[in-house]
Amino acid sequence: MRNIVLIGMPGSGKSTVGVLLAKSAGMGFIDTDLIIQSHTGRLLYKMIEEDGIESFIASEESAIRGLVCDNCVIATGGSAVYGGAGMEHLKSLGKIVYIRLPWETIEFRLVNIRTRGVVMRPGETVKELFEERSPLYEKYADVSVDGEGLPEDVVGRILDAVKQG
């Protein structure tokens, strides 16, 4: 199997589900947020605070464009969809799966939004961020799955969706 790329809002479960999905499917696991942190030696939120949103998005896209892998689950940062060239590279690597959740669930899950490294403009709400990004997730996704429920249930939905589509 080629790669499975997970996209979605921060808090949608990409990293958590991604590890379980990789174990279930016998695949490797890559988290692009961890790659960025490893390359820069800094936490995501520090990069955003110190360098700004545009610089962070450029770093994220550069890390994504540098990915070379096969038979891996790739969990992306929620802002990966802001980099068109990065998303096209991910599309060339495998099937893109959008883990879809309502904004209310995302807001409930994002208790540590400040230190999580979420790309948000000052004063922007989770709902506004959700409304801005949702069309981008839909645009790039090969398939969408419901992210509600236990992570194991989401893994099952992703495996079913990837097999069908």
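For the numbers below, each heavy atom of this structure counts, side chains included, while hydrogens, waters and symmetry mates do not.
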Query raised in the report: Taking C-beta and beyond as the side chain, do Thr76 and Leu6 meet within less than 4.5 Å on heavy atoms?
Result: no
Query raised in the report: So how far is it from Phe56 CZ to Leu44 CG, rounded to the nearest 0.5 Å?
Result: 4.5 Å
Requested in this report: Would you please say whether a donor-acceptor pair under 3.5 Å links the side chains of Glu60 and Thr32?
Outcome: no
Requested in this report: Report yes or no: does Asn3 contribute a side-chain atom to a donor-acceptor pair with the main-chain N or O of Val73 at less than 3.5 Å?
Outcome: no
**Report entry** Non-hydrogen atoms of Leu101 and Gly147 that approach each other most closely
**Finding:** CD2-C, 3.2 Å
Query - All side chain to side chain donor-acceptor pair (under 3.5 Å) counterparts of Arg42, not counting sequence neighbours - result: Glu50, Asp51
Query raised in the report: Below 4.5 Å, heavy atoms only, C-beta onward: do Val5 and Val97 meet side chain to side chain?
Result: no
Report task. Check step by step if side-chain contact (heavy atoms from CB on, under 4.5 Å) holds for Ile4 and Met27. Result -> CA-CA 9 Å; Ile4 299 172; Met27 301 172 79; 4.0 Å; yes
Query raised in the report: At their closest point, which heavy atom of Ala161 faces which heavy atom of Val145, and how far apart are they?
Result: CB-CG1, 3.8 Å
Report summary line: ring-ring contact (aromatic ring centres under 6.0 Å, His included) filter on Tyr98, not counting sequence neighbours, yields Tyr137
Query raised in the report: So if you build clusters from Ile, Leu, Val, Met, Phe, Trp, Tyr with side-chain heavy-atom gaps below 4.5 Å, do Ile99 and Leu159 land together?
Result: yes
Report task. Grab the two heavy atoms, one from Glu132 and one from Pro135, that are nearest each other, plus how far apart they are. Result -> O-CD, 3.5 Å
Query raised in the report: Going by distance alone, is a donor N or O of one side chain under 3.5 Å from an acceptor N or O of the other, for Tyr82 and Glu54?
Result: no
Query raised in the report: Are Asp142 and Lys91 ion-paired here, with the side-chain N under 4.0 Å from a carboxylate O?
Result: yes
